[in-house]
Amino acid sequence: MRTLDNIISDRGSKYAVSGAPCRSEDEAKALVKQLCRKKKFAKATHNTWGLLLDSGPIKNDDGESGAGMVILRMLDREGLTDHLVVVTRWYGGKHLGGDRFRHVQDAVRQYLDTL
């Protein structure tokens, strides 16, 4: 799994983005579990993810309501299927409001630019 760490920082919150080829929901869950074996990611406030499969979209907001849909929309625009993207956030103590969606979008864009 490729990870871009400490890519965005805002009001104490920090973001990372990770991704890997993936062909099923079970594989996605296993990849997220593998990511969380790293203590830093296990302690994150949110590990939100999205995956587009031929059978349909799969997402997990992990408490960051709406973030999974942002990831799915970006994957759909890119036409990227069978590839898991995980956006990780460490909450910094201040609410970000709608800016959190912009940060998720920026994180995914940075990841997609590396492909």
Original post:
Between CD1 of Ile7 and CD of Gln110, what distance do you get to the nearest 0.5 Å?
Top reply: 4.0 Å

Original post:
How close do Asp61 and Ala67 get, heavy atom to heavy atom, and via which atoms?
Top reply: OD1-N, 3.6 Å

Subject >> Cluster overlap Leu51 with Phe41, hydrophobic side-chain contacts below 4.5 Å >> reply: yes

Subject >> Under 3.5 Å side-chain donor-acceptor pair for Ser13 and Arg89 >> reply: yes

Original post:
Should Leu80 and Leu52 be counted in the same cluster of Ile, Leu, Val, Met, Phe, Trp and Tyr side chains packed under 4.5 Å apart?
Top reply: yes

Original post:
Should Leu4 and Val104 be counted in the same cluster of Ile, Leu, Val, Met, Phe, Trp and Tyr side chains packed under 4.5 Å apart?
Top reply: yes

**OP:** Decide yes or no on side chain to side chain contact (heavy atoms under 4.5 Å, CB included) for Leu53 and Thr81, but give the supporting numbers first.
**Re:** CA-CA 6 Å; Leu53 299 172; Thr81 58; over 6 Å; no

**OP:** May I ask you to check whether Thr48 and Asp62 show a side-chain donor-acceptor distance below 3.5 Å?
**Re:** no

**OP:** Could you tell me whether a side-chain N or O of Gln34 sits under 3.5 Å from a main-chain N or O of Ala30, the two making a donor and an acceptor?
**Re:** no

**OP:** Might you work through the side chain to side chain contact (heavy atoms under 4.5 Å, CB included) test for Tyr111 and His83, ending with a clear yes or no?
**Re:** CA-CA 12 Å; Tyr111 179 80; His83 201 97; 2.7 Å; yes

Original post:
Do Val32 and Val108 share a hydrophobic cluster, counting only Ile, Leu, Val, Met, Phe, Trp and Tyr and linking them when any side-chain heavy atoms are less than 4.5 Å apart?
Top reply: no

**OP:** Under the side chain to side chain contact (heavy atoms under 4.5 Å, CB included) rule, what do Ile71 and Lys59 come out as? Steps first, then yes or no, please.
**Re:** CA-CA 8 Å; Ile71 297 168; Lys59 66 178 177 66; over 6 Å; no

Subject >> Distance flag, aromatic centroids of His46 and Tyr15, threshold under 6.0 Å >> reply: no

**OP:** Could you pull out the closest heavy-atom pair between Ile58 and Leu72, with the gap in Å?
**Re:** O-CD2, 3.6 Å

Original post:
Just by distance, with hydrogens left out, do Arg2 and Ser18 show a side-chain donor and acceptor under 3.5 Å apart?
Top reply: no

Subject >> Step-by-step side chain to side chain contact (heavy atoms under 4.5 Å, CB included) determination, Thr3 to Val17 >> reply: CA-CA 6 Å; Thr3 298; Val17 64; over 6 Å; no

**OP:** Over all heavy atoms of both residues, which pair between Ala107 and Ile8 is shortest? Give the atoms and the distance, please.
**Re:** N-CD1, 3.7 Å

Original post:
So does Glu78 pair up with Arg73, basic N to acidic O under 4.0 Å?
Top reply: no

Original post:
Leu115, Met74: one ILVMFWY side-chain cluster at the under-4.5 Å cut-off?
Top reply: yes

Original post:
What's the spacing between Glu64 CD and His103 NE2 if we round to 0.5 Å?
Top reply: 10.0 Å

Subject >> salt bridge (Lys or Arg N to Asp or Glu O under 4.0 Å) evaluation trace for Asp5 with Lys40 >> reply: CA-CA 10 Å; Asp5 201 359; Lys40 178 179 182 174; 2.7 Å; yes

Subject >> Carboxylate-amine/guanidinium proximity below 4.0 Å for Arg11 and Asp99 >> reply: yes

